[in-house]
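Below, each value reflects all heavy atoms present in this structure, side chains not excepted, and no hydrogens, waters or symmetry copies. Bear in mind that the values here come from a model prediction, so they are computed numbers and not experimental data.
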Amino acid sequence: MAYIGFARTNLGPYETYEKILEELKKREFKIKFSKHHWMGDAPFGLVIVETDKGDLAIRWSLGKSFELRLERVSEEDLNEFIEDTLEYLSGD
């Protein structure tokens, strides 16, 4: 099982990363590995997480408060979501 997620946050990049991981733990995901991608001047980023329930990719952007929505997807859709987001982050 794979998941993509969309988060809104009023926090900085590091705090957003920590908040996303904290929220996943509350939702009973056991985190095995995680990494965070963002550009210093971009108001969004990508968190990639390996868990006991499957892999996740969560795109975050600035908002008025923190919220997180997850959707189940195929592995192919997850990989495409990651590639598209990383390409956008790198400016290619």
Side-chain angles (χ1 to χ4, degrees):
M1 183 69 56
Y3 298 85
I4 60 172
F6 303 91
R8 292 280 187 193
T9 182
N10 57 342
L11 305 169
Y14 181 76
E15 293 85 3
T16 296
Y17 175 60
E18 292 295 320
K19 182 76 171 174
I20 288 171
L21 296 181
E22 178 183 308
E23 184 64 29
L24 291 174
K25 289 176 186 175
K26 286 181 186 176
R27 296 182 188 197
E28 300 184 0
F29 285 89
K30 292 182 182 170
I31 297 168
K32 298 177 183 179
F33 175 79
S34 65
K35 60 184 172 179
H36 187 196
H37 299 274
W38 85 93
M39 290 179 5
D41 58 347
F44 64 90
L46 179 69
V47 176
I48 299 172
V49 186
E50 294 176 8
T51 77
D52 63 327
K53 295 182 181 182
D55 295 338
L56 295 98
I58 300 166
R59 187 184 299 156
W60 62 264
S61 61
L62 294 178
K64 293 185 180 190
S65 62
F66 182 84
E67 58 185 73
L68 175 63
R69 177 174 51 94
L70 297 177
E71 300 174 10
R72 289 182 180 173
V73 296
S74 69
E75 288 289 332
E76 182 179 326
D77 288 341
L78 173 71
N79 291 332
E80 186 176 311
F81 181 81
I82 292 170
E83 285 178 27
D84 289 348
T85 304
L86 290 175
E87 185 176 298
Y88 191 75
L89 278 168
S90 70
D92 291 343

Non-neighbouring partners of E80 that pass salt bridge (Lys or Arg N to Asp or Glu O under 4.0 Å), sequence neighbours left out: none
From CA spacing to verdict: side-chain contact (heavy atoms from CB on, under 4.5 Å), S61, R8: CA-CA 5 Å; S61 61; R8 292 280 187 193; 2.8 Å; yes
Once rounded to the nearest 0.5 Å, what's the spacing between atom [atom1] of [X] and atom [atom2] of [Y]?
{"X": "D84", "Y": "N79", "atom1": "CG", "atom2": "CG", "value": "11.0 Å"}
{"X": "E15", "Y": "I20", "atom1": "CD", "atom2": "CD1", "value": "12.0 Å"}
{"X": "E50", "Y": "F29", "atom1": "CD", "atom2": "CZ", "value": "13.5 Å"}
{"X": "R69", "Y": "Y3", "atom1": "CZ", "atom2": "OH", "value": "15.0 Å"}

Check whether any side-chain heavy atom of [X] lies under 4.5 Å from a side-chain heavy atom of [Y], and answer yes or no.
{"X": "F81", "Y": "L46", "value": "yes"}
{"X": "L24", "Y": "L70", "value": "yes"}
{"X": "L11", "Y": "K19", "value": "yes"}

Shortest non-hydrogen contact from A2 toward E75: CB-OE2, 3.6 Å
Minimum heavy-atom distance between K35 and Y17, given as atom pair plus value: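 In this case the closest contact between K35 and Y17 is N-OH, 3.9 Å.
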Side chain to side chain contact (heavy atoms under 4.5 Å, CB included) partners of K26, counting only residues at least two apart: E22, E23
Starting from [Y], can I reach [X] by hopping between I/L/V/M/F/W/Y residues whose side chains sit under 4.5 Å apart?
{"X": "V47", "Y": "Y88", "result": "no"}
{"X": "I31", "Y": "I48", "result": "no"}
{"X": "F44", "Y": "I4", "result": "yes"}
{"X": "L86", "Y": "V49", "result": "no"}

Results of ring-ring contact (aromatic ring centres under 6.0 Å, His included) for F66 - residues two or more places apart only: none
Contacts of type side-chain hydrogen bond (donor to acceptor under 3.5 Å, both in side chains), residue H36, not counting sequence neighbours: W60
side-chain hydrogen bond (donor to acceptor under 3.5 Å, both in side chains) involving E83 - partner list, sequence neighbours excluded: none
Side chains of residues 51-58: which donor-acceptor partners sit under 3.5 Å, not counting sequence neighbours?
residue, atom, partner, partner atom, Å
T51, OG1, K53, N, 3.0
T51, OG1, G54, N, 3.2
T51, OG1, G54, O, 2.6
D52, OD1, K30, N, 2.8
K53, NZ, R27, O, 3.3
K53, NZ, E28, O, 3.4

